[in-house]
Amino acid sequence: MRRGLPLLRSWLGGRPAGPTGLRGLCNAAAAGLAAPPPGESGGGTKPNIPTFGFLFDIDGVLVRGKTPIPAAQKAFKKLVNSQGQLLVPVVFVTNAGNCLRQKKADQLSHILGVPISQDQVVMSHSPLRMFKRYHDKCVLVSGQGPLLDIAKYLGFCQPITIDILRETYPLLDMVDHDRRPKVLHLPAVELPKIEAVVLFGEPVRWETNLQLIIDVLLTGGCPGKPHHQASHPHIPVLACNMDLMWMAEAQSPRFGHGTFMVCLENIYKKITGKELKYEALMGKPSELTYQYAEYLIRMQAAQRHWKKPIQTLYAIGDNLMTDIYGANLYNRYLEEKNSRKGSQGRIQAKVAAGTRSATISQDDEINHTWQNELAPATVTSCRSVLVCTGVYNPHTEVPSDTRESITETVFHGHRDFRFDPALVEPDHIVPDVDAAVDLIYQLENFAPNQDTRTF
C-alpha cells in the first residue's frame, strides 16, 4: 500500500482524509522527518553496485522556469563522485519539446554543475524516432523553437512549419488584422500534400496554429482547397506532451501543450460533430517514454561496466497527472509483463490504463520496432516520488461536498487516458528533490563510495 492520497480519496467519496493528509506529510518531511542520509539506515551497507536508476522531471523539480530550485544542486552533489561521475544511472525525462536534446543537456549541466550528455535526456518528442513510416512523408509540425531542426533530427525528411504554410497560403491566417495580406493573390508554389500533423508543443500564436491545423484536417492535407466533411477519418495526428499545466516562476501553474490540445479537440468536434483521433500520444504519461528512458538507464550502466542489472526505477516529479500517473502506469505495465513471461501475448499500455486511443493505433509496428531497437528490459518496478516544489500543491483543501467526482472536477490528464485513482497515488511524498535522493538511498541501502569509478 502506498503512502497515499487521502485528499483524493475523500473527493472520490471514500474514507475521510486523515488529520495530516498530503500537506502534513510534506510539512513533516520539511521539518526534519524525511529519510536519514544514505548509510544510516541501521541495516548495514551493500556493495556500491547500483541496481536502481533515477528518472528526474525538470520543471517543478529542478527548476522553476529558468530559476534553479535550491535543493537541486544539493541533491546532485550526492549523486556524483569526486571525479564528477554519476554514482547511479540518471535520465532526465521532460515533456518539454521546444529544443534539441543537446541544448537541454547543456542547460542542465549549467544548472546542476554536473556534466550531462544528450543521451541522458528524454524529450517529449524522443519516441518519434520510432515512427519511421512517417519519416518520408510531408508532415506539418506545430510548436515553437527550431522546429525544422528538431523534426529532421528525429528522422522526418519533409517537415513543413505553420509559418511556411501561412506564407504559402496567406489568406488562411485572418484573425490578426495587422497580419492580413494587403494584396490578395494565389500561391506561387503549391506545397506537397500534407500526410500527417505532428504537435511538438504549445505554439506562440494559438489562433494561427488552431486555424491552420483545422484547415489541414478538414481538407485531407490540402489546406489551399475548401473544407469538405468527407475528410473523416482525418489524416494522422501525432502529439507530444499532454501536460495541461506546468510550473514556471509564477505563483500558479501556466498553460501547457495539453491545454492547446483541449482547444484543438473541441474546435474540431464543434465543427464536425466528430472526435479528433490521435495516431500517437507520447511524452509522460505514455509508456513509450518510459521504455525509452529505461533503455537509456541500462546503457549508462553498461558503459560504466556495472554488472548487476538495473531492477528499479525511481521517477521523481511534481505533477500527479503526468509524472505520478506515468510512473505508476509503467509500473503496472511491468507487473503485467513480468506476470506473463513466457507467453506470446503483448502487454499494451492502453489495456493497462483503460484508455481509448491512449498511445498508438499502429501497435504492431511500433512494438516490434521498440523490441528490435531496444535491448530486453531488466527493470521489474518503477516507483513514483512526488515533490512539493512544482505543480502539486500540498495546501489544496478538500471540497465541502465530498460526493463530487474527481473525474468531473480536477482530472487534468488527457481526454484519452481514463482516470484511475491508483495511478495518481505516489509511492512516496517528499518536500523536494534533495529529500527524494536521501529517501531513495535509504530505501536501496546504498552508501556511495566517492572514490569508486567502476565496479
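Heavy atoms only: backbone and side chains are in, while hydrogens, waters and symmetry mates are out. This structure is a prediction, so every number in the text was calculated from the model and none was measured.
- For Phe156, the ring-ring contact (aromatic ring centres under 6.0 Å, His included) partners at least two apart in sequence or on another chain are His135.
- Taking all atoms of both residues into account, the shortest heavy-atom contact from Ser142 to Asn209 is OG-ND2, 2.8 Å.
- Inspection of the Asn338 and Thr380 side chains reveals no N or O donor paired with an N or O acceptor under 3.5 Å.
- Taking the salt bridge (Lys or Arg N to Asp or Glu O under 4.0 Å) definition, one finds that Arg205 meets it with Asp176, Glu207, sequence neighbours left out.
- By the salt bridge (Lys or Arg N to Asp or Glu O under 4.0 Å) test, Glu195 pairs with Lys137, sequence neighbours left out.
- No donor-acceptor pair closer than 3.5 Å links the side chain of Thr312 to the backbone N or O of Phe52.
- Qualifying side-chain contact (heavy atoms from CB on, under 4.5 Å) partners for Thr389, counting only residues two or more places apart in sequence or in other chains: Ile69, Val387, Asp432.
- One N or O on the side chain of Tyr441 and one on the backbone of Lys78 form a donor-acceptor pair closer than 3.5 Å.
- Side chain of Asn331 to main chain of Arg383: no donor-acceptor pair is present (N/O by atom type, distance under 3.5 Å, no hydrogens or angles).
- A donor-acceptor pair under 3.5 Å links the side-chain atoms of Asn81 to the main chain of Gln85, judged by distance alone.
- In this model, no donor atom of one side chain and acceptor atom of the other lie less than 3.5 Å apart for Gln442 and Asp438.
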Cut-off 3.5 Å, no hydrogens considered: what does the side-chain donor-acceptor table look like for residues 148-155, sequence neighbours left out?
| from | atom 1 | to | atom 2 | distance (Å) |
| --- | --- | --- | --- | --- |
| Tyr153 | OH | Arg101 | NH1 | 3.4 |
| Tyr153 | OH | Arg129 | NH2 | 3.2 |

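- Applying the side-chain contact (heavy atoms from CB on, under 4.5 Å) criterion to Ala315, with sequence neighbours excluded, gives Leu55, Ala327, Cys382.
- Partners of Gln73 according to the side-chain contact (heavy atoms from CB on, under 4.5 Å) rule, which considers only residues two or more places apart in sequence or in another chain, do not exist here.
- Between the Ser384 side chain and the Asp427 main chain, a donor and an acceptor come within less than 3.5 Å of each other.
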Distance-only donor-acceptor hits, side chain of residues 254-262, under 3.5 Å, sequence neighbours excluded:
| from | atom 1 | to | atom 2 | distance (Å) |
| --- | --- | --- | --- | --- |
| Arg254 | NE | Ser252 | O | 3.1 |
| Arg254 | NH2 | Ser252 | O | 3.4 |
| His257 | ND1 | Cys240 | O | 2.7 |
| His257 | ND1 | Asn241 | O | 3.0 |
| Thr259 | OG1 | Leu244 | O | 2.6 |

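- Here Asp243 pairs with nothing under the salt bridge (Lys or Arg N to Asp or Glu O under 4.0 Å) rule; sequence neighbours left out.
- Salt bridge status for Arg332 with Glu336: absent, with no side-chain N to carboxylate O gap under 4.0 Å.
- Between the side chain of Gln300 and the backbone N or O of Ile297 there is no donor-acceptor pair closer than 3.5 Å.
- Aromatic ring orientation, Phe92 versus Phe76: parallel (interplanar angle below 30°, classes split at 30° and 60°).
- Residues satisfying the side chain to side chain donor-acceptor pair (under 3.5 Å) test with Asn98, not counting sequence neighbours, are none.
- Tyr290 meets the ring-ring contact (aromatic ring centres under 6.0 Å, His included) test with Tyr330; sequence neighbours excluded.
- Centroid-to-centroid, the aromatic rings of His414 and Tyr278 come within less than 6.0 Å.
- Here the CG-OH distance, from Asp119 to Tyr295, works out to 8.5 Å after rounding to the nearest 0.5 Å.
- For the side-chain contact (heavy atoms from CB on, under 4.5 Å) test, residues two or more places apart in sequence or in another chain that qualify with Cys138 are Gln158, Ile160, Pro192, Ile194.
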